[in-house]
Amino acid sequence: MKALKAVRGMHDIQPNDTELWRFVEREIKAVLQQYGYQEMRLPLLEMTALFQRGVGENTDIVEKEMYSFLDRNGESLTLRPELTASIVRAGIEHGLFYNQIQKIWSMGALFRYERPQKGRSRQFHQCSVECFGVQSPASDAELMMICARIWSRLHVSEYLKLEINTLGSQIERQAYRMSLVDYLTPYTNDLDEDSQRRLISNPLRILDSKIPLTQDILSQAPTMQDYLGSESTAFFEQICILLDQRQIKYHINPQLVRGLDYYSHTVFEWKTEQLGSQGTVCGGGRYDGLVEQLGGKATSATGFAIGFERLLLLLEATLVKDRLLKKEEISVTLVISSPESIPYSMDLLESIRNHFPKIEVLSAWSGSLKSQIKRAYAMGSQLALMIGDQEVSGKTITIRFLKEDNKTETITKQALFELLQNQTVNHNNIESLSAD
RNA sequence: GUGGGCGUAGCUCAGUAGGUAGAGCUCAGGAUUGUGACUCCUGCGGUCGUGGGUUCAAAUCCCAUCGUCCACCCCA
């Protein structure tokens with residue numbers, strides 16, 4: 001029989017790692033709430049046409065990376081390769097964009113059929129943040145500030161660099177695109193294979209080619225800036241002013257293009273050097289045309305997406321992870337000397353759980369005394385509750401303070417509860433102090 | 001889709017003139033008759049990724065295949 005394994009490129013997140021995931025999710029949500037964003041939860045499956053129209057027919061995502069299949073009724077469905085299209089679809093469907101400002105986030109699993117490598121898997125997770133109905137550049141700048149605040153809370157600011165660029169309006173972009181094609185066409189044979197292909201399908205993408213010869217040719221090419229109108233220029237400058245004012249450092253990268261078709265005006269990426277070639281942890285920009293393109297009325301929109309796997313890799317690579325995850329719960333571990341102690345102990349533990357919902361109450365119910373004690377230390381408990389025949393018959397508990405010189409004493413259940421009460425109070429005080 | 005590295009115990013890995021598998025860690029039990037960490041002893045644990053081939057004999061050589069990692073590509 002063939003061994004059952006996870007599908008290629010789809011990874012289990014194991015118990016050791018979920019704590020970090022939950023921590024990061026919690027921090028991101030907290031920041032988003034500060035800015036008035038609300039959560040939306042969406043289906044994993046959408047009609048294939050949504051992504052064809054939303055993401056763009058000649059993007060790599062649509063051309064070769066989608067998990068598409070026919071439903072039983074013959075309709076083509078696709079596992080979502082990104083969140084923005086789904087959010088826009090849902091917004092249109094429920095009339096959320098009708099003369100309203102909507103600030104929405106969503107997070108979850110996405111699917112792209114790609115060759116797995118570091119920072120890239122076939123099922124991965126993003127948090128996508130979108131602001132609809134605000135045409136001011138303040139909206140673009142604010143999104144970058146949200147990101148900066150998240151990095152700060154996660155202590156990774158120093159590892160992430162912001163790059164920004166503007167693609168101009170649709171019309172300006174098209175004019176530039178034509179002139180770029182005109183410029184490059186005579187050099188077609190000198191371009192690398194991929195760039196030759198993109199000359200037809202998506203010429204702007206050639207700008208961020210890594211091939212030296214292609215970059216040589218591009219050095220004399222017309223630039224986007226030559227085609228920006230005064231409005232677009234002012235819009236971009238306003239964003240820079242706002243970032244400067246808040247002392248958020250950025251680098252203007254004229255080669256920054258981004259692969260999805262729907263962007264216009266602002267595009268930005270947060271990159272790190274720590275993760276090898278997949279260093280973009282967060283990317284976003286303005287996509288004023290998307291709502292209309294998907295059948296809604298024209299609506300300004302900006303947004304970004306954070307890649308969870310890459311963010312977590314960064315936390316691990318920089319060892320920030322170890323600082324973030326300090327165990328804060330009060331924890332006690334039961335140690336019994338024989339199975340005869342089980343009924344008395346079970347009753348005690350359930351009683352503790354009733355009175356102290358926040359305390360972690362652990363038990364192995366088996367193994368030698370030695371191994372149970374070892375486990376109590378390993379789990380980080382403050383207290384071991386040791387129960388044997390003497391405790392059962394005397395209705396007492398022998399406690400051992402695992403964090404303070406292993407002091408041991410035998411006390412009544414009531415005394416134990418008072419002790420736990422005090423510990424909980426002290427613990428809460430410490431917590432509220434450190435929160436300031 | 002293209003190229004390269006790697007798949008041996010739960011984990012990290014040794015095993016390179018082909019001779020039917022080892023270590024450390026972890027875990028369990030004991031030395032210590034009711035109390036972790038050090039030390040010592042014992043034990044659990046492997047169809048050597050999978051399938052073919054060469055050979056008296058394959059973890060080792062050959063082929064295929066799958067997975068993984070890194071890079072290209074692309075993006076988060």
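Labels below follow one simple rule: chain letters A, B, ... track the order of the sequence lines, proteins then strands, and each chain is numbered from 1. Only a predicted model underlies this, so the values are computations on that prediction, with no experimental measurement involved.
Closest of all the heavy-atom pairs between Tyr262(A) and Tyr287(A) is O-CB, 3.2 Å.
Within the shown strands, C63(B) is the pairing partner of G51(B) under the Watson-Crick or G-U definition, both distances less than 3.5 Å. Partner assigned to A14(B) is none, using Watson-Crick or G-U wobble distances below 3.5 angstrom. In this entry U33(B) has no Watson-Crick or G-U wobble partner, no candidate having both defining distances under 3.5 Å.
For the pair Asp192(A) CG and C73(B) P, the computed distance is 8 Å after rounding to whole Å. What separates CH2 of Trp270(A) from P of A76(B) is a distance of 16 Å, to the nearest Å.
Other residues, nucleotides and ligands contribute at most 12 non-hydrogen atoms within 6.0 Å of the CZ atom of Arg246(A). Within 6.0 Å of CD in Gln414(A) there are 12 or fewer heavy atoms belonging to other residues, nucleotides or ligands.
For G29(B), one of the phosphate oxygens OP1 or OP2 lies less than 4.0 angstrom from a side-chain nitrogen or oxygen of Ser368(A). Side-chain nitrogen and oxygen atoms of Thr408(A) include none within less than 4.0 Å of the OP1 or OP2 phosphate oxygen of U35(B).
Residue Asp60(A) has its side chain nearest to C73(B) when only C73(B), A76(B), G36(B) are considered. Counting only heavy atoms from C-beta on, Leu369(A) has its side chain closest to G34(B) among A76(B), G34(B), G36(B). The His11(A) side chain lies nearest to U68(B) when the options are U68(B), C73(B), G3(B).
Of the N and O atoms on the side chains of Thr272(A) and Gln274(A), not one donor lies less than 3.5 Å from an acceptor on the other residue.
With hydrogens and angles ignored, a donor-acceptor pair closer than 3.5 Å exists between the side chain of Arg120(A) and the base of C73(B).
Residue ring and nucleobase are stacked for Phe124(A) and A76(B), with a centre distance beneath 5.5 angstrom and an angle between planes beneath 30°.
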